[in-house]
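A short worksheet on the structure shown next.
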Amino acid sequence: MRENVLKEKSFAFALDIIRLYKTLCFDKKEYVLSKQMLRSGTSVGANIREAEYAQSRADFINKLSIALKEANEADYWIELLYLSEYIDSISYQQIKIKATEQLKLLTSIINRSKQSNY
């Protein structure tokens with residue numbers, strides 16, 4: 001069985017987002033921005049899972065494009081939380097690397113899917 005790197009990495013990213021959300025809520029008492037980060041950060045993997053059973057190439061690209069938008073939004077909230085000093089530098093760097101990786105992987109797969117022939 002072929003491993004799905006994107007699926008695995010998006011699931012690991014979602015778990016990291018959940019852990020960060022819990023820390024922000026319990027330790028920092030920050031609920032609004034962290035909830036936005038939680039929703040977009042966990043939505044990435046959900047849309048990737050939906051793309052696995054896409055009905056067509058166009059549907060596949062659409063689902064991954066939604067995942068890309070959600071990854072970009074999560075990246076926005078992560079940066080905002082860092083610059084507003086809710087997230088320390090070490091936590092920020094760790095999650096930022098994973099967010100950037102999601103963006104690059106999704107962009108690459110979407111672009112290849114658009115260029116490939118049926």
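As the structure is a prediction and not an experimental result, all values here were calculated from the model.
- A 6.0 Å sphere centred on CD1 of Ile90 holds no more than 12 heavy atoms belonging to other residues, nucleotides or ligands.
- Counting heavy atoms from C-beta outward, Lys63 and Glu52 have side chains that stay 4.5 Å or more apart.
- Every pair passing salt bridge (Lys or Arg N to Asp or Glu O under 4.0 Å) that includes a residue from residues 97-116 is listed here, sequence neighbours excluded: Lys9-Glu101, Asp16-Lys98.
- Side-chain contact between Ser10 and Arg49 is absent, with no heavy atoms from C-beta onward closer than 4.5 Å.
- Ion pairing between Lys22 and Asp27 fails under the 4.0 Å rule for side-chain N and carboxylate O.
- The backbone N or O of Ile87 sits nowhere less than 3.5 Å from a side-chain atom of Ser91 that would complete a donor-acceptor pair.
- In this structure, Phe11 is not a member of the same hydrophobic cluster as Leu64, with clusters built from ILVMFWY side-chain heavy atoms closer than 4.5 Å.
- Cluster membership check: Ile66 does not share its hydrophobic cluster with Leu103, using side-chain heavy-atom separations under 4.5 Å among Ile, Leu, Val, Met, Phe, Trp and Tyr.
- Between the Asn111 side chain and the Thr107 main chain, a donor and an acceptor come within less than 3.5 Å of each other.
- For the atom pair Ser65 OG and Glu70 CD, the distance stands at 12.0 Å (nearest 0.5 Å).
- Side chains of Leu81 and Glu30 form a contact here, defined as non-hydrogen atoms less than 4.5 Å apart.
- Between Asp75 and Ala99, the shortest heavy-atom distance links the atoms OD1-CB, 3.8 Å.
- The minimum heavy-atom distance linking Ser34 with Cys25 is given by the pair OG-SG, 4.0 Å.
- Considering CG of Asp88 and CD of Gln94, their distance stands at 8.0 Å, rounded to 0.5 Å.
- With Ser108 contributing its side chain and Leu105 its backbone, the two residues share no donor-acceptor pair below 3.5 Å.
- Leu33 is connected to Tyr76 through a chain of hydrophobic side-chain contacts under 4.5 Å among Ile, Leu, Val, Met, Phe, Trp and Tyr, so both are in one cluster.
- Grouping the Ile, Leu, Val, Met, Phe, Trp and Tyr side chains by contacts below 4.5 angstrom, directly or via other members, places Met37 with Ile18.
- Within the structure, ring pair (Phe, Tyr, Trp, His ring centres under 6.0 Å) contacts touching residues 89-111 (residues at least two apart or in different chains) are Tyr82-Tyr92.
- Checking side-chain atoms of Asn72 against main-chain N and O of Leu68 turns up no donor-acceptor pair under 3.5 Å.
- Residues Ser113 and Ser116 approach most closely at O-OG, 3.4 Å, considering heavy atoms.
- Screening residues 12-66 for ring pair (Phe, Tyr, Trp, His ring centres under 6.0 Å), with sequence neighbours left out, gives no hits.
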Please report the C-alpha distance between Ser56 and Asp59 in whole Å, then the side-chain angles of each, then the deciding distance to 0.1 Å, and finally whether the side chain to side chain donor-acceptor pair (under 3.5 Å) criterion is met. CA-CA 5 Å; Ser56 65; Asp59 188 34; 5.4 Å; no
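- At least one side-chain heavy atom of Ile48 sits under 4.5 Å from a side-chain heavy atom of Leu106.
- Contact annotation: the side chain of Lys96 approaches that of Glu79 to within less than 4.5 Å [non-hydrogen atoms, C-beta and beyond].
- Between atom OG of residue Ser40 and atom NZ of residue Lys35 there is a gap of 12.0 Å, rounded to the nearest 0.5 Å.
- Criterion: ILVMFWY side-chain heavy atoms under 4.5 Å apart, direct or through other members. Under it, Leu24 and Leu80 are part of a common hydrophobic cluster.
- Closest of all the heavy-atom pairs between Gln36 and Glu73 is OE1-OE2, 4.0 Å.
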